[in-house]
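Structure, as structure tokens:
Residue numbers begin at 1 in each chain, while the letters A, B, ... track the order of the sequences.
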Amino acid sequence: MRKISQNIEDCSMNLQKKIPVEKIFINGLEDVFIAGWIQQVRNLGGLKFIQLQDRTGLVQIVLPKKKVTPEVFGIDYQEGDIIAVKGTIVENKSAPKGKEILPSEIVVLNKRAQEYPIAIGDKIETNIDKRLDYRFLDLRDRKVAQIFEIESAVAYAIQEYFMKNGYLQFFSPKIVGSATESGASVFEIEYFGKRAFLAQSPQFYKQMMLVAGFERVFEIGPVFRAEKHHTSRHLCEYTSIDFEISYIDNQRDVMNVLQGVIGYALQKVQKEKAQAFEELGASIDSQPKEWPILSIPECNAILLSEGKKLDLYEDLDAEAETIIGKHVKEKYKSDFVFVDQYPWDVRPFYTMKDDNDPRLTKSFDLLYKGQELTTGGQREHRIDILTQQAIEKDFKIEDVDSYLQFFRNGAPPHGGSGTGIERFVQKILNLPNIREARLLPRDPTRLHP
RNA sequence: GGGGCAGUAGUUUAGUUCGGUCGAUGAUCGUGGACUGUCACUCCAUGGACCCGGGUUCAAAUCCCGGCUGCCUCGCCA
């Protein structure tokens with residue numbers, strides 16, 4: 001026994017064959033082999049309890065002095081130690097869920113070298129910035145880990161939806177040579193003596209792929225924004241879910257895809273991560289079949305009735321988004337609303353203008369629970385109009401020329417959208433700060449770890 | 001980029017109003033001990049802190065100035 005605990009190589013246990021904690025009480029197992037870290041030891045003298053945690057859950061190991069070997073009983077177990085346990089499932093009324101593990105053998109795979117630098121669990125809530133400094137330990141808290149179990153499932157559901165619907169997944173460069181889309185907000189880097197930038201969006205590459213003939217493309221990847229915003233909903237680096245499709249009649253086709261993919265992801269994650277939602281005390285409300293669409297003029301009318309006056313050609317501010325979100329929740333029982341026909345003044349030059357009012361566009365925002373989740377719309381594919389619009393937005397033609405080049409050779413009518421996955425997860429779980437939904441956030445002051 | 005508030009043990013929190021009673025509170029945690037059914041146990045003992053720099057003063061956790069850091073908020077966005 002002692003030899004084993006000192007040398008894993010000699011261990012008779014095959015660690016890769018350990019059983020996930022969530023699976024030990026199903027399938028009528030009698031003997032189990034599990035491994036994880038010690039979440040807590042409760043020592044009652046002649047009786048000890050170890051709460052053992054692995055990725056999938058928590059289980060109680062019971063150590064009655066008279067029923068386990070002196071070796072197993074005598075080990076100085078501490079919170080954070082990594083142990084492997086062979087044992088028998090025993091039933092006991094006072095055990096959690098009525099079942100616990102009586103160990104025949106315990107191997108300490110690694111002892112902790114210090115106490116935790118942050119508090120894990122419900123007793124004390126450590127501040128978010130300190131938790132982020134020690135994110136690897138913060139994630140030992142199931143409530144934190146479940147956020148990323150959900151994010152992982154969301155990402156997978158989205159990929160699955162797109163793949164099933166004939167989209168091409170592609171990967172665009174994140175080091176780019178020009179920063180035309182939104183000059184002020186890019187990070188500048190040095191690239192072998194040349195100026196380069198971190199991609200602020202895959203926008204141009206998505207469109208390039210459509211000109212190439214792929215018709216339906218998507219990418220889930222990092223984007224970078226050099227904005228010194230101090231808010232609970234912005235990051236300097238986040239993960240963008242982007243898609244772009246050809247042969248659309250108008251922005252409604254983009255909305256349909258968006259409702260399809262977001263709706264699918266919600267439905268799937270709710271089903272597959274039911275346990276996580278339960279542990280987090282979160283749930284997803286059912287949504288109407290058709291998500292409401294409100295034009296900017298319609299939104300203005302609603303805002304006016306709520307006592308808030310906004311210029312027709314102005315962007316919705318945070319307060320306005322909240323009001324609209326509340327309105328559609330009450331009226332349509334929907335957490336989602338498309339705000340359509342955004343003003344031209346607040347949209348990029350490649351946005352297609354509205355057919356009837358050139359001060360509006362064929363673009364929209366998708367609001368989720370009163371906050372902007374997605375921006376999308378139809379893009380201008382006609383080279384002469386696109387060129388004109390670039391000039392209108394004060395671009396020098398030579399700066400956008402490589403982009404305009406796509407459209408000189410024929411581009412189909414097209415559109416698409418971009419969604420921040422962290423914001424999506426934040427809103428699904430009603431997290432107070434987007435940093436909770438980003439594993440290792442980058443903001444204007446945080447660069448580590 | 002603007003505005004507001006804050007920084008006290010490993011974590012968290014009281015104390016700052018009105019400088020002295022602070023040799024700094026409580027919880028959690030660590031260490032030592034007791035306990036055979038705990039439920040992020042209980043009980044006993046014990047350990048550990050005023051963000052950094054300058055200033056005012058007989059005296060600074062407390063007041064002033066600067067810096068750094070954090071939180072909230074607005075703008076902008078996803």
Indicate for each nucleotide in nucleotides 3-14 of chain B, in 5' to 3' sequence, whether protein heavy atoms under 4.0 Å reach the base (B), only the sugar-phosphate (S), or nothing (-).
-------SBS--
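- With distances taken from any side-chain atom of A:Asn433 to the nucleotides B:rA40, B:rG75, B:rC72, the minimum falls on B:rC72.
- With B:rG1, B:rG30, B:rC71 as the candidates, the nucleotide lying closest to the side chain of A:Arg112 is B:rG30.
- The side-chain heavy atoms of A:Lys427 and A:Gln371, taken from C-beta on, include a pair separated by under 4.5 Å.
- B:rC76 atom C1' lies 12 Å from atom CD of A:Gln200, rounded to whole Å.
- Taking atom CD of residue A:Gln114 and atom P of nucleotide B:rG30, one finds them 13 Å apart after rounding to whole Å.
- Whole-Å rounding puts the A:Leu47 CG to B:rC35 C1' distance at 10 Å.
- With hydrogens and angles ignored, no donor-acceptor pair closer than 3.5 Å exists between the side chain of A:His229 and the base of B:rC77.
- Computed from coordinates, the A:Arg225 CZ to B:rG75 C1' distance equals 16 Å when rounded to whole Å.
- Proximity of the aromatic rings of A:Tyr161 and A:Phe218 is defined here by a centroid distance below 6.0 angstrom, and this criterion is not met.
- The distance from atom CD of A:Gln371 to atom P of B:rA78 is 12 Å, rounded to the nearest whole Å.
- At the heavy-atom level, A:Glu372 lies under 4.0 Å from base atoms of the strands shown.
- Close to B:rC76, at under 4.0 Å from its OP1 or OP2, lies no side-chain N or O of A:Thr231.
- One donor-acceptor pair, N or O on each side, does fall under 3.5 Å between the base of B:rC77 and the side chain of A:Arg423.
- At the heavy-atom level, A:Ala318 lies under 4.0 Å from the strands shown only through sugar-phosphate atoms.
- Closest to the side chain of A:Asp129, out of B:rC35, B:rC76, B:rC71, is B:rC71.
- Following rounding to the nearest Å, A:Asp76 (CG) and B:rG33 (C1') show an atom-to-atom distance of 14 Å.
- Both thresholds, 5.5 Å between centres and 30° between ring planes, are not jointly met by A:Phe49 relative to the base of B:rG37, so the two rings are not stacked.
- Minimum atom distance to the side chain of A:Lys66 is reached by B:rU36, of the listed B:rU38, B:rA40, B:rU36.
- Out of B:rA78, B:rU36, B:rG37, the shortest distance to the side chain of A:Ser94 is found at B:rG37.
- If you measure from atom CG of A:Asn43 to atom C1' of B:rC43, you get 13 Å, rounded to the nearest angstrom.
- Contact between the side-chain N/O atoms of A:Lys228 and the OP1/OP2 oxygens of B:rG1 is found at a separation under 4.0 Å.
- As a whole-Å value, the separation of A:Arg140 CZ from B:rA40 C1' is 16 Å.
- Proximity note for A:Ile120 (side chain, C-beta onward) versus B:rA40, B:rU36, B:rG70: the nearest is B:rA40.
- No engagement by A:Glu422 is indicated, since no non-hydrogen atom pair under 4.0 Å with the nucleic acid exists.
- OP1 or OP2 of B:rU31 lies within a sub-4.0 Å distance of a side-chain N or O belonging to A:Gln78.
- For A:Thr419 and B:rA78, the shortest distance from a side-chain N or O to OP1 or OP2 is not below 4.0 Å.
- Remark: the A:Glu227 side chain and the B:rG75 base include no donor-acceptor N/O pair separated by less than 3.5 Å.
- The aromatic rings of A:Tyr167 and A:Phe162 sit tilted relative to each other, their planes meeting at an angle between 30° and 60°.
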